[in-house]
**Student:** 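Here it is, the structure in full.
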Amino acid sequence: MQWFFKWSTSLSRISFLLILLVANTAEAYEEPEYEVLQQTDDYEIREYASYLVAETRVSGDFDRTGNAAFQRLAGYIFGDNRRVDRNDPEDTESVSMKMTIPVTRERIEDEKGRSTVYRFVMERSYDRDSLPEPNDKRVTLTEEPGGQFAVLRYRGRITEERFLRYADALRASLKRDGLTSLGEPISAVYNGPFTPPMFRRNEVLIRLSSGETR
């Protein structure tokens with residue numbers, strides 16, 4: 001039995017180390033630059049610099065659109081793209097880029113019905129001229145404008161129901177504090193699906209009317 005105890009103890013240690021490794025993986029990825037302007041018990045306010053994204057739009061809500069959106073965007077950053085040599089337009093090459101965080105998603109309601117826009121953040125080493133063009137026409141490149149955002153962080157599984165619950169809580173806190181929110185709330189996900197839910201970093205971001213805090 002002693003050998004079994006030693007084996008199980010070693011296995012427990014290895015499992016714990018693997019969990020820590022998975023939980024901290026997101027720390028190694030690049031994310032948009034921001035400054036924390038204010039911290040409250042319920043949320044924090046950040047000032048974001050503008051940044052480039054690759055985005056795609058998928059019909060449906062959060063719970064049914066993730067796989068299709070991720071395949072398109074991951075395909076783009078991992079080589080389904082082309083960079084043209086300015087000196088020789090016929091000379092093109094594909095570029096493999098690094099994964100960044102967070103992956104964001106935002107609900108859109110218009111004449112086409114309900115859809116979700118997913119966005120991958122581009123590395124800061126690229127500008128609009130140096131980014132390769134997507135081969136998939138459903139993927140577009142755009143700049144996300146900077147500004148002030150209220151941010152509520154939470155952990156656990158990602159579902160639209162949970163996201164909307166936290167978004168409503170953040171809106172209520174902003175209304176209580178006399179802050180004006182703009183647009184739809186944005187879901188930001190920082191960890192992959194294999195990260196244990198207790199270690200996941202998820203956020204709700206809501207844009208604020210500029211100049212309300214400092």
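Position 1 is the first residue of the sequence, and the numbers go up from there.
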**Student:** Going by ring pair (Phe, Tyr, Trp, His ring centres under 6.0 Å), name the residues that satisfy it together with Tyr48, two or more places apart in sequence or in a different chain.
**Tutor:** Tyr34, Phe149
**Student:** Return the CD to CD distance between Glu31 and Glu123, rounded to the nearest 0.5 Å.
**Tutor:** 14.0 Å
**Student:** With clusters built from Ile, Leu, Val, Met, Phe, Trp and Tyr whose side-chain heavy atoms come within less than 4.5 Å, directly or transitively, what are the remaining members of the cluster of Leu182, listed by chain and number?
**Tutor:** none
**Student:** What closest approach, in Å, do Asn81 and Asn135 show between heavy atoms, and which atom pair accounts for it?
**Tutor:** N-ND2, 3.1 Å
**Student:** Tell me, please, which residues at least two apart from Arg64 pass side-chain contact (heavy atoms from CB on, under 4.5 Å).
**Tutor:** Asp61
**Student:** How would you list, by chain and number, every residue that makes a side-chain contact (heavy atoms from CB on, under 4.5 Å) with Asn202, sequence neighbours excluded?
**Tutor:** Tyr154, Ile158, Val189, Arg200
**Student:** State whether the side chain of Thr116 and the backbone N or O of Gly60 hold a donor-acceptor pair below 3.5 Å, judged by distance alone.
**Tutor:** yes
**Student:** With no hydrogens and no angle check, is any side-chain donor or acceptor of Asp177 less than 3.5 Å from a backbone partner on Leu179?
**Tutor:** no
**Student:** Considering non-hydrogen atoms only, spot the tightest contact between Asn191 and Phe199 and give its length.
**Tutor:** OD1-O, 3.9 Å
**Student:** Can you give each donor-acceptor pair under 3.5 Å made by side-chain atoms of residues 68-77, sequence neighbours left out, with the distance rounded to 0.1 Å?
**Tutor:**
| unit_1 | atom_1 | unit_2 | atom_2 | d |
| --- | --- | --- | --- | --- |
| Arg72 | NH1 | Thr56 | OG1 | 2.9 |
| Arg72 | NH1 | Arg57 | O | 3.2 |
| Tyr76 | OH | Pro132 | O | 2.6 |

**Student:** Just how far is it from atom OG of Ser94 to atom CZ of Arg83, taken to the nearest 0.5 Å?
**Tutor:** 9.5 Å
**Student:** Looking at every non-hydrogen atom in both residues, tell me the closest pair between Leu208 and Ser181 and how far apart they are.
**Tutor:** CD2-CA, 4.4 Å
**Student:** For Leu205 and Ala188, work out which heavy atoms get closest and say how close.
**Tutor:** CD1-CB, 3.5 Å
**Student:** Between Glu106 and Arg114, is the salt bridge (Lys or Arg N to Asp or Glu O under 4.0 Å) condition met? List the steps.
**Tutor:** CA-CA 11 Å; Glu106 181 179 357; Arg114 172 179 291 185; over 6 Å; no
**Student:** The criterion is side-chain contact (heavy atoms from CB on, under 4.5 Å); which residues satisfy it with Thr159, sequence neighbours excluded?
**Tutor:** Asp63, Glu161, Arg162
**Student:** Is the backbone N or O of Val36 less than 3.5 Å from a side-chain atom of Glu44, with the two atoms forming a donor-acceptor pair by type?
**Tutor:** no
**Student:** Do the side chain of Arg119 and the main chain of Pro102 share a donor and acceptor less than 3.5 angstrom apart?
**Tutor:** no
**Student:** Flag yes if more than 12 heavy atoms outside Asp127 fall under 6.0 Å of its CG atom; otherwise flag no.
**Tutor:** yes
